[in-house]
Amino acid sequence: MNDMAKKRKLILIGNGMAGVNVLEQLLKISNAFDISVYGDEPYPNYNRIQLSYVLEGSKTLDDIILNSREWYEENGIELHVGSRIVRIDTDKKLVYTSAGDAAEYDALIIATGSKPFILPIPGAGKKGVIGFRDIADCQTMIEASRRVKQAAVIGGGLLGLEAAKGLTQLGMETTVVHLMDTLMERQLDETAGGMLKAELERQGIRFLMGKRTTEVLGGEEVAGIRFEDGTELDAQLLVMSAGIVPNIELAQSSGIETGRGIKVNDYMETSAPDVYAVGECCEHRNVCYGLVAPLFEQGAVLAKVLCGAQTAPYEGSSVSTKLKISGVDVFSAGEYTDRPEHRVLRVHDGWRGLYKKVLLRDKRFVGAVLYGDVTDAPLLARLIREGADMTEELYQELFGGGQSSAQGCCGGGKTSIVQGMPDDEIVCGCNGVTKGDIVRVIQEDGFTTVDEIKAKTGATRSCGGCKPLVEQLLQYVLGDGYQDKGGGKKQGICGCTTHTRDEIVVAIREKRLTSVREVMMVMEWEQAEGCSKCRPALNYYLGMIWPAEREDERESRFVNERLHANIQKDGTYSVIPRMYGGVTTPEQLRQIADAADKYNAKMVKVTGGQRIDLLGIEKKDLPAIWEELGMPSGYGYAKALRTVKTCVGSRFCRFGTQDSVGMGILLEKKFERLWMPAKFKMAVNGCPRNCAESGTKDLGIVGNDGGWEVYVGGNGGIRMKEAELLCKVKTDEELIELCGAFIQYYRETGNYAERTSDWLERLGLEQVKKAVVDDLELRKQLIERVELALAGLRDPWREVTENEKLQRQLYQAIEVTAE
């Protein structure tokens, strides 16, 4: 077009990700339009995928803005925020705002998105019932979290889980209510859904599965919900996240053809001339898409159509879902449920939390589910989209001993994934960046790092899930000129960072970092809010290094450790009072029995560690039952010393050679409440008959005529391992010293969540023996440091019973009354 020619007037209704992406694509190939944008919200274009981060407080609105107001000005786009279009005159080519203003167009794009589906049940209109689609919803939930403590989320899909994550981070007791028995049942099979549920439960989210909600309870404000089976759930905030509905009212009232969405053809044209639709509001070939990638694929076609450029038609999208929720990577594409006609290839590693399933039909890829490691997601998405056949080479790539998937983003033959991708395939779904966009800036601008690509294209700017693919593209384009800035196979403690445990510990010491947020900022965490893997780990490392200076961050602990009780599957808690060495008294037993009666314990059970467990205690009753018991916490919920199991030893047993009861009580009183990398169990036997099972404990002690034998690294759990002999000692004093030195050496060198069995395998028994037994000076230093850590500890149950503020914050729901 001649530069002097009059520009065509283009109006975009909807300032969301899909519509603005069309403009971004358009500006790359043409300057032929005079563009105006009308958006309901008072903000420029922002990333709705990041709303959960705003909700939990780890990001602000400014952090998720995709296109600033300056971007609109620089590109000559007239932006009308807080302005709703209420009518389109398709004959006169005019749009009308709610304020009565009119504007002409030559071409019009409708990108009104979708709205949350609100269940049509009694009480759905009460105050406190909201959806989760925009910033206003986030602000409503944040404000509610300051007044109330119980929230319910209806819907176990992606948005519902993200809402629940944010509400839990805000300190609310959050329950996800889901109609089906599997989370994200439209993307995940039963196994992956179950793994996701278990992980989110560890993070404090509660679930009610297979529940149909029939009524919202309360007066003007929501007070709870009732289910079809007659049961009820208390909640003062209710988030409806049971699905989305295309926002088509404007099109309908303007005479534009609609079905479930606004009907469009393969060129995104509606039934009205020069009117187009894109995104979640439109319906293409009877399908409405709710994921970002298909919307950007539509936008790429529409941008070329508007410019009159040649383009292939939009023929629909092969839908795949790749997401990170609360630090968990999940991927799904194509078919995901096993059927008789499928050939199923499956790997399930419960120990590492990994799951991979590929579905074939007649050797052809038709579906896949990944959990925990989504390195192969781009390859599988392409194979499924193309309907490729399984080959021996592909089998080795995907399942060959697990090596190819574990090599990291740039290991082995992974460049074959990006080599086969077409240039218009989207790499960054959050920001609509294609392979061609990334290759272009690498070749034309000479970029050699992910950060440079992020600054120019926006890839990896949002969720970060596409970073491995961007790194593969760097390696593919640069070839021998590529230098892996991440150090090859080095892996960080989680997906939020490339820093290893050792690097983090060194930085905390050398830079004197004293808070989780400080570590993340100084060490430039890629995911600013962290995740359920790194936040508790950082909290532990800080406490281990600076026991006196640093204050424990409750929000970085899992729910059991925040509330100092074990959450059960029905939402109640178990209480295990401390019984040193497994020894109790008639008075204590009467106290326990009285408390069990008074607070309606559903079960009273003797544990494997010789303690009494009161199960089924309500959260609100925890401080009261602790005060009633008058006994310290048994730490049955913590990465700490659980119990010291004992036999009766020389006090009563005719075979006993040592006072195992006395030593067990002494050790338990000394090391109780000391935080460890993982749960820690001890046992003391009075003779080699091993009645207290010292051979399967993290630290096991066996008495004999000459003194004590010390065994370490045992594990009686899923991965059973027999303890190994560390040394023999003659005196009680030396035994106590060795126990303290061993515990501190484990605390200082263990990875967070690493049991002593795995730690000992990694370091080797000889290294541990050299540090704890042979090097007397190092042993002395270890003992000094463990004593320093022990000096600042106190019983958390007493802390809560003496602190009314803590009781209100953590255990009491605030009543809400209508004014």
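Computed from a predicted structure; not experimentally measured. Residues take their numbers from the sequence shown, with the count starting at 1.
Within 6.0 Å of CD in Glu549 there are more than 12 heavy atoms belonging to other residues, nucleotides or ligands. Annotation: Lys681, atom NZ; neighbour count of heavy atoms from other residues, nucleotides and ligands within 6.0 Å does not exceed 12. More than 12 heavy atoms of other residues, nucleotides or ligands sit less than 6.0 Å from atom CZ of Arg762. More than 12 non-hydrogen atoms from other residues, nucleotides or ligands lie less than 6.0 angstrom from CD of Glu802. Counting non-hydrogen atoms of other residues, nucleotides and ligands closer than 6.0 Å to CD of Glu799 gives a total above 12. Other residues, nucleotides and ligands place more than 12 heavy atoms under 6.0 Å from the CZ atom of Arg346.
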- Task: Take Ile545 and Leu513 through the test side chain to side chain contact (heavy atoms under 4.5 Å, CB included) and record every step on the way to the result.
- Result: CA-CA 10 Å; Ile545 296 167; Leu513 307 177; over 6 Å; no

- Task: Apply the test salt bridge (Lys or Arg N to Asp or Glu O under 4.0 Å) to residues Asp775 and Lys770: give CA-CA distance (whole Å), side-chain angles for both, the deciding distance (0.1 Å), then the verdict.
- Result: CA-CA 6 Å; Asp775 190 333; Lys770 182 178 179 181; over 6 Å; no

- Query: Please walk me through it: do Val516 and Val519 pass side chain to side chain contact (heavy atoms under 4.5 Å, CB included)?
  - Reply: CA-CA 5 Å; Val516 172; Val519 174; 5.9 Å; no

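Scanning both residues, Asp613 and Val575, for their nearest heavy atoms gives OD1-O, 3.4 Å. Residues Lys619 and Pro623 come closest through the heavy atom pair O-CD, 4.0 Å.
Tyr745 places a side-chain heavy atom less than 4.5 Å from the side chain of Leu763. Side-chain contact between Met676 and Met544 is absent, with no heavy atoms from C-beta onward closer than 4.5 Å. With a 4.5 Å cut-off on side-chain heavy atoms, Leu614 and Ile625 count as touching. With contacts defined as side-chain heavy-atom distances shorter than 4.5 Å, the pair Glu668/Arg578 qualifies. Counting heavy atoms from C-beta on, the side chains of Val800 and Leu622 never come closer than 4.5 Å. Met682 is not listed as a side-chain neighbour of Asp698, based on a closest heavy-atom distance of 4.5 Å or more. By the 4.5 Å heavy-atom criterion applied to side chains, Arg557 and Asp552 are counted as neighbours. Inter-residue side-chain proximity for Val710 and Leu699 is flagged as met; some heavy-atom pair is nearer than 4.5 Å.
Of the N and O atoms on the side chains of Gln591 and Glu587, not one donor lies less than 3.5 Å from an acceptor on the other residue. With no hydrogens or angles considered, no side-chain donor-acceptor pair links Ser574 and Lys605 at under 3.5 Å.
With hydrogens and angles disregarded, a donor-acceptor distance shorter than 3.5 Å links the side chain of Arg550 to the backbone of Asn539. Side-chain atoms of Gln658 come within 3.5 Å of backbone N or O of Asn704 as a donor-acceptor pair. A donor-acceptor contact shorter than 3.5 Å links the side chain of Ser660 to the backbone of Cys647. Checking side-chain atoms of Ser694 against main-chain N and O of Asn690 turns up no donor-acceptor pair under 3.5 Å. Remark: the backbone N or O of Gly609 is paired with a side-chain donor or acceptor of Arg611 at under 3.5 angstrom.
No close placement of the Tyr599 and Trp626 rings is indicated, their centers lying 6.0 Å or farther apart. The aromatic ring centres of Phe742 and Trp759 sit less than 6.0 Å apart.
Between His564 and Tyr635, the two ring planes are tilted [angle within 30° to 60°].
Each of Ile701, Leu738, Asn685 was evaluated against Trp708; a single residue qualifies, Ile701, per the side chain to side chain contact (heavy atoms under 4.5 Å, CB included) test.
Contact check on Lys670 versus Glu787 returns a salt bridge, with a Lys/Arg side-chain nitrogen under 4.0 Å from an Asp/Glu carboxylate oxygen.
Judged by a 6.0 Å distance limit and a 45° cone about the ring axis, Arg747 is not positioned over the six-membered ring of Trp675.
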